[in-house]
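Here is the structure we will look at, set down as structure tokens.
Each chain gets a letter, A, B and so on, in the order its sequence line appears, and its residues count up from 1.
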Number of protein chains: 2
Amino acid sequence: MAAKQTFNVERFFQALGDNTRLRILNLIGDQEICVCYFVQILGGPQPKISRHLAYLRSAGIVAVRREGKWMHYRIVMPPHIGAAQILRQTLGWLKEEKTMQADRARLTKACCSPAKYALLEGAPLPTTIQETTCEAC
Amino acid sequence: MAAKQTFNVERFFQALGDNTRLRILNLIGDQEICVCYFVQILGGPQPKISRHLAYLRSAGIVAVRREGKWMHYRIVMPPHIGAAQILRQTLGWLKEEKTMQADRARLTKACCSPAKYALLEGAPLPTTIQETTCEAC
DNA sequence: GACATATAGTCGCCTAAGCGAATGTTTGGA
DNA sequence: TCCAAACATTCGCTTAGGCGACTATATGTC
């Protein structure tokens, strides 16, 4: 059985205490997104992204689903109502930060023309963006 | 002039990522409290408390006021509206945690009969408790 | 001025955590 | 069955941070 450790409040806040992880959470939002987009948008080496995703998983903030070669990440609400509220509020706050808005804009652009990004050829689109027509492109 | 460094989001969340600091914030609440109460209620060595208070100060979450020998700490709301909301929500969440409630109960008890606590003889009462009659004692 | 009290800061040790570089693993396709 | 793609994990290094023990500072009192 899975090692489902109990929710840890310290770990929860520590997970939010890193800018790369906040950027990842902001990019996910209420969608389900493939790792290759994080690598493309955030720009760092892939193992770095992967380690931060592992951290977020261990903190119980994100969950992952495999689809062929691709791993799709989504945000999961913590079992504690208080923590869930904090997380929602944090995500809302991030949406208003300029650098976070820029990240999301680049994600939208990448999704509209994935062929322009070497890393994204053939990559599955984020789930909710998939059903949205993009007016910007 | 004071070294008023700009508010740091990572630092803000990191400051919340430690149980001793969360307990301190919970004890303060919307009052102004003297360090000796933290030492008495939380029970650890005094330098440990002092270091965590310094961390909270550097993160811009608490402020301090000297009154004779005593240092009074209070919570200050961060300049970012988002961070302020997170902090308020966190404080509200802590109030519902049992261990945090126990801390506050012990604080109330200590304030009603400080003579019973060697560390608290002559210590100034927290400001808002001072104006409140305690029904429990 | 000497001393006690209340609190802050320093030091040495240890663990957590971030990073780049290298390596492993899983999957799909030729 | 071999290979490439997409991620994950490990390793070695460095820094941040927590802790106990100790020391320093500021204030009030005698």
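For B/D18, there are no salt bridge (charged side-chain N to carboxylate O under 4.0 Å, His left out) partners at least two apart in sequence or on another chain. Under the rule for a side-chain hydrogen bond (donor to acceptor under 3.5 Å, both in side chains), the partners of B/Q85 that lie at least two apart in sequence or sit in another chain are A/Q89. Considering only residues two or more places apart in sequence or on other chains, B/T90 meets the side chain to side chain contact (heavy atoms under 4.5 Å, CB included) condition with A/F13, A/I86, B/L16, B/L22, B/I86, B/L94. With sequence neighbours left out, the side-chain hydrogen bond (donor to acceptor under 3.5 Å, both in side chains) criterion links B/R21 to B/H52.
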Pairs under 3.5 Å (N/O, protein and nucleotides 19-24 of chain C):
unit_1 : atom_1 : unit_2 : atom_2 : d
C/dC19 : OP1    : A/K48  : NZ     : 3.4
C/dC19 : OP2    : A/H52  : NE2    : 2.8
C/dG20 : N7     : A/R51  : NH2    : 2.8
C/dG20 : O6     : A/R51  : NH2    : 3.4

Its contact letters, B for base, S for sugar-phosphate only and - for none at protein heavy atoms under 4.0 Å, make nucleotides 24-30 of chain D read --SBS--
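In this structure, the CD1 atom of A/I49 is 13 Å from the C1' atom of C/dG18, given to the nearest Å. Here D/dA8 presents its P atom at 12 Å from CG of A/L56, a figure rounded to the nearest Å. Spacing between atom CG of B/N8 and atom P of D/dA16 amounts to 13 Å, rounded to whole angstrom units. Rounded to whole Å, atom C1' of D/dA5 lies 14 Å from atom CE of A/M71. Atom CG in B/L53 sits roughly 15 Å away from atom C1' in D/dG18 (whole-Å rounding). If you measure from atom NE2 of A/H72 to atom C1' of D/dA8, you get 16 Å, rounded to the nearest angstrom. Protein atom CD of B/Q14 is 12 Å distant from nucleotide atom C1' of D/dT15, rounded to whole Å. Between the CD atom of A/E10 and the P atom of D/dG18 there is a distance of 9 Å, rounded to whole Å.
Side-chain contact between A/H72 and A/V64: absent, with no pair of heavy atoms (C-beta onward) separated by less than 4.5 Å. Side-chain atoms of A/R106 and A/R104, non-hydrogen and from C-beta on, never get closer than 4.5 Å to each other.
Using a 4.0 Å heavy-atom cutoff across all strands shown, B/F38 reaches no nucleic acid atom at all.
Residue pairs that meet the salt bridge (charged side-chain N to carboxylate O under 4.0 Å, His left out) test with at least one member in residues 39-51 of chain A, sequence neighbours left out, do not exist here. Sorted by first and then second residue, the ring-ring contact (aromatic ring centres under 6.0 Å, His included) pairs involving residues 80-111 of chain A (not counting sequence neighbours) are A/F7-A/H80. The salt bridge (charged side-chain N to carboxylate O under 4.0 Å, His left out) analysis of residues 73-95 of chain A, with sequence neighbours excluded, yields the pairs A/E32-A/R74.
Cation-pi geometry between A/R23 and A/F38 is not met: the NZ or CZ atom fails to fall both under 6.0 Å from the ring centre and inside 45° of the normal.
Between A/R57 and the phosphate of D/dT9, there is a side-chain N or O to OP1/OP2 separation shorter than 4.0 Å. An OP1 or OP2 oxygen of C/dA17 is reached within less than 4.0 angstrom by a side-chain nitrogen or oxygen of A/R11. Within the structure, a side-chain polar atom (N or O) of A/Y73 is placed less than 4.0 Å from OP1 or OP2 of D/dA8.
Once rounded to the nearest 0.5 Å, the distance linking CG of B/D103 with CG of B/L42 reads 6.0 Å.
Overall, the helix from C/dG1-D/dC30 to C/dA30-D/dT1 carries an axis bend of 10° between its ends, with five pairs at each end and the value rounded to 10°.
Donor-acceptor pairing under 3.5 Å is lacking for the side chains of A/Y73 and A/R65.
Closest to the side chain of A/S50, out of D/dA8, D/dA6, C/dT7, is D/dA8.
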